[in-house]
Structure formats: C-alpha cells, structure tokens
Amino acid sequence: MDCEKTCCFTGHRPDKLPWGEDERDPRCAQLKRSIAQAVEEAYVAGIRRFISGMARGCDLYCAEAVLKLRETERDVTLECARPCETQAESWPEAERARYQSILDQCNYETLVQHSYDRFCMLRRNRYMVDRSCRLIAVYNGVPKGGTFQTLAYAMKRGLTVHTIDLEDFL
C-alpha cells in the first residue's frame, strides 16, 4: 500500500455533534459539504485511497463522501477499517443498514481484531494513521476522546492534517 496516496478520517459520533442524530439539520448538510470538499481537495493533491473507521456520525459521512467521489473518479478506493466484528451490533436498525451498505460498496474491508475490548478503537485509529499520509478530522476542540487522540497521533506521525472545526457549525 502506498501511504503517500492514502488519507484517513477521524471525527465525532452523533452525541458530540451540535445537531445530534438529526441529519436534516442544515448544519449537518453544511458539514457534509465541507467533508466532500476536503475529500476532493485530497484527491486533487494525489490521494487515491481513503480509510474510514466506520463509527457512527462523521466516519460514515466521510465514507459516503468517498463513495460519491468514486462515482466520477474511478481510481478512488475506500477501505473500511472495523475495530471489531460487533462494531455496529447495538446500533439502531437504520444505522446498521447504512453501515452494511457502505461495507458492501467498499473496495477493502479490514477487521482490526475479532472481539471487542477497551482498546480496539485505539488500535483501529492507529492502524489507519500508520497507513496514511493525510488525515481529515472533524473536531470540536475538546482535548479528550478518540478524535483528539487520533488527531494528536497523526500530528506526532507527521501527517498532513485538514481540520474541519465543528465550532464553525454552531
């Protein structure tokens, strides 16, 4: 795999988004446009492979933006990096269907480990960063949690970081 052509994502789940689960909120639509623009900019910069961690919220938004870009740019690939087999097991039915639809359309699916443990999300995040040269982060500025840890790790590893500030969507 060519890390120089790979971008991964990090971002918040619905409970940390200003609109929560309501994707009809105009701010959510605006965020999705910002994500699509960041994905297109990464493509123009030479990125061809994208890796999503497949969490609810921003990870799924990002994966969907990549699938949309792939409709016109046939050399784009999407890898879905799942932290464990049961990732979506407790999600609402509609979100499980969305998750499965993305998995069905991706080019590569990576299962980081079989069973859940308290470190599987961290391992998934490091797997993605270690294989990328760029990170697109949807971040609320709070210095704790998985998005913050992934962003900090990516910066430590020297990735090019494109941050979409959630404060812009309040």
Side-chain angles (χ1 to χ4, degrees), residues 1-23 28 31-32 35 38-39 42 47 49-67 77-166:
M1 176 184 342
D2 187 353
C3 294
E4 292 305 307
K5 294 185 177 184
T6 305
C7 174
C8 61
F9 304 103
T10 191
H12 299 294
R13 292 178 176 85
D15 62 315
K16 291 186 180 174
L17 299 174
W19 50 86
E21 311 253 350
D22 183 9
E23 291 186 42
C28 183
L31 173 61
K32 288 179 181 182
I35 290 169
V39 167
I47 299 297
R49 183 183 188 105
F50 295 86
I51 309 173
S52 171
M54 296 298 289
R56 291 182 69 213
C58 293
D59 282 6
L60 296 185
Y61 301 170
C62 292
E64 289 168 340
V66 172
L67 291 173
T77 62
L78 174 64
E79 176 180 355
C80 295
R82 299 170 53 209
C84 62
E85 290 176 332
T86 59
Q87 180 179 22
E89 206 169 75
S90 65
W91 295 5
E93 186 176 340
E95 286 290 275
R96 286 196 316 270
R98 181 184 198 175
Y99 175 87
Q100 189 59 53
S101 173
I102 294 169
L103 288 176
D104 290 345
Q105 296 175 72
C106 76
N107 301 88
Y108 308 97
E109 182 180 339
T110 300
L111 184 64
V112 176
Q113 65 186 59
H114 288 285
S115 301
Y116 174 84
D117 69 29
R118 57 185 273 210
F119 298 110
C120 67
M121 306 295 177
L122 174 66
R123 286 187 195 100
R124 184 259 334 262
N125 295 342
R126 290 196 169 194
Y127 166 87
M128 295 189 308
V129 169
D130 288 345
R131 285 154 182 79
S132 300
C133 67
R134 180 181 292 245
L135 172 74
I136 296 172
V138 178
Y139 180 52
N140 65 6
V142 176
K144 64 178 184 176
T147 298
F148 169 73
Q149 291 172 350
T150 304
L151 185 56
Y153 184 65
M155 292 170 80
K156 179 180 168 188
R157 301 272 303 174
L159 274 67
T160 299
V161 175
H162 178 120
T163 304
I164 300 170
D165 187 349
L166 264 183

What's the spacing between Leu31 CG and Cys62 SG if we round to 0.5 Å? 8.0 Å
NZ (Lys32) and SG (Cys58) are apart, to the nearest 0.5 Å, by 10.0 Å
Any side-chain heavy atom of Arg123 sitting closer than 4.5 Å to one from Arg126? no
Check for a donor-acceptor pair, side chain of Gln87 on one end and backbone N or O of Gly53 on the other, with a separation under 3.5 Å. yes
Using 30° and 60° as the class boundaries, would you call the ring planes of Tyr139 and His12 parallel, tilted or perpendicular? parallel
Is it the case that the side chain of Ser52 and the backbone of Asp59 share a donor-acceptor pair, with hydrogens and angles ignored and the cut-off at 3.5 Å? yes
Enter the distance from Ile164:CD1 to Asn140:CG here, rounded to the nearest 0.5 Å. 13.5 Å
Would you call Glu4-Arg134 a salt bridge at under 4.0 Å N-O? no
Say whether, by atom type as modelled, one donor and one acceptor occur between the side chain of Thr6 and the main chain of Ser132 under 3.5 angstrom. no
Distance, nearest 0.5 Å, that separates OG1 of Thr86 from OH of Tyr116: 8.5 Å
Quick check: does any side chain N or O of Arg82 sit under 3.5 Å from a backbone N or O of Glu85, one acting as donor and the other as acceptor? yes
Carboxylate-amine/guanidinium contact Arg131 Glu79, below 4.0 Å: no
Below 4.5 Å, heavy atoms only, C-beta onward: do Val138 and Thr147 meet side chain to side chain? no
Leu60 side chain reached by Met54 side chain, heavy atoms, under 4.5 Å: yes
Would you compute the distance between atom OG1 of Thr150 and atom CE of Met155 and round it to the nearest 0.5 angstrom? 13.0 Å
Pair Glu21 + Arg56, salt bridge at N-O below 4.0 Å: yes
Are the side chains of Tyr108 and Ile51 in touch, meaning some heavy atoms are under 4.5 Å apart? no
Taking Gly57's backbone N and O only, do any of them form a donor-acceptor pair with Arg13's side chain (distance below 3.5 Å, no angle check)? no
Within the structure provided, determine whether Val112 and Cys120 are in side-chain contact (heavy-atom separation under 4.5 Å). no
